[in-house]
Amino acid sequence: QVQLVESGGGLVQPGGSLRLSCAATGSIFVIDAMGWYPQAPGKERELVAVITSGGSTNYADSVKGRFTISRDNAKNTVYLQMSSLKPEDTAVYYCHADYRYGLALRRDDCWGLGTQVTVSS
C-alpha cells in the first residue's frame, strides 16, 4: 500500500537547525494525519508534532516554538523544520501516516524506517 521514506537527518551543533522530510509513495491512497515520533536510546517513541490533511497542527510542549511541521499534499510529503536544537533532541526520528487505500478507502497506518538526528558539539 503506502511506504514512507524519511530524509534530512544528520549531525548538528546545539542551537543549529535541520529539516526532515518524509515522502509517502504507493498507489491509490489518501493521506490523513502525518506525524513525527523521535525515539532516543532506551526510551519510548513519542509524538512531537502532527498535522492533519487540512493543515491543523499540534506539538509536544518540549518542541513548541522550536519545531514546525508542514506538508505538501500534492507531493504527499511532510516536513519537520527543527531549530534551536538541543542535545536532548538526539534520536531516531520516525515518520508516521494514517491513510486510506483502495476503492473502498480502507484505513491503515504505516511507519518509515527513521532518520538519525544527533545534536552534539
Shortest non-hydrogen pair, Thr115 vs Gly9, comes out as OG1-N, 3.2 Å
Residue set satisfying side-chain contact (heavy atoms from CB on, under 4.5 Å) with Asp109, at least two apart, ordered chain then number -> His96, Asp98, Trp111
Hits for side-chain contact (heavy atoms from CB on, under 4.5 Å) against Gln3, two or more places apart or cross-chain, chain-then-number order -> Thr25
Heavy-atom nearest pair, Tyr99 first then Ile31, reads CB-CD1, 3.9 Å
Salt bridge (charged side-chain N to carboxylate O under 4.0 Å, His left out) filter on Arg106, not counting sequence neighbours, yields none
In short, Pro87 meets Pro14 closest at the heavy-atom pair CG-CG, 4.2 Å
Across all chains, not counting sequence neighbours, the side-chain hydrogen bond (donor to acceptor under 3.5 Å, both in side chains) partners of Lys86 are none
Looking only at heavy atoms, the pair that brings Val2 and Ala24 closest together is CG1-CB, 4.1 Å
Arg66 meets the salt bridge (charged side-chain N to carboxylate O under 4.0 Å, His left out) criterion, sequence neighbours left out, with Asp89
Residue pairs passing the side-chain hydrogen bond (donor to acceptor under 3.5 Å, both in side chains) test with at least one member in residues 44-54, sequence neighbours excluded, are Gln39-Arg45
Scanning both residues in full, the closest heavy-atom pair of Glu6 with Trp36 reads CG-CZ3, 3.9 Å
What one should report as the nearest heavy-atom pair of Val119 and Thr90 is N-OG1, 2.9 Å
In short, disulfide bond (SG atoms under 2.5 Å apart) pairs touching residues 32-90 with sequence neighbours left out are none
For Ser120, the side-chain contact (heavy atoms from CB on, under 4.5 Å) test, sequence neighbours excluded, returns Leu11, Thr118
Across all chains, not counting sequence neighbours, the side-chain contact (heavy atoms from CB on, under 4.5 Å) partners of Ala40 are Lys43, Ala91
Residue pairs passing the disulfide bond (SG atoms under 2.5 Å apart) test with at least one member in residues 54-116, sequence neighbours excluded, are Cys22-Cys95
Applied to residues 59-85, the ring-ring contact (aromatic ring centres under 6.0 Å, His included) test, sequence neighbours excluded, yields none
With sequence neighbours left out, the residues meeting side-chain hydrogen bond (donor to acceptor under 3.5 Å, both in side chains) with Asp72 are none
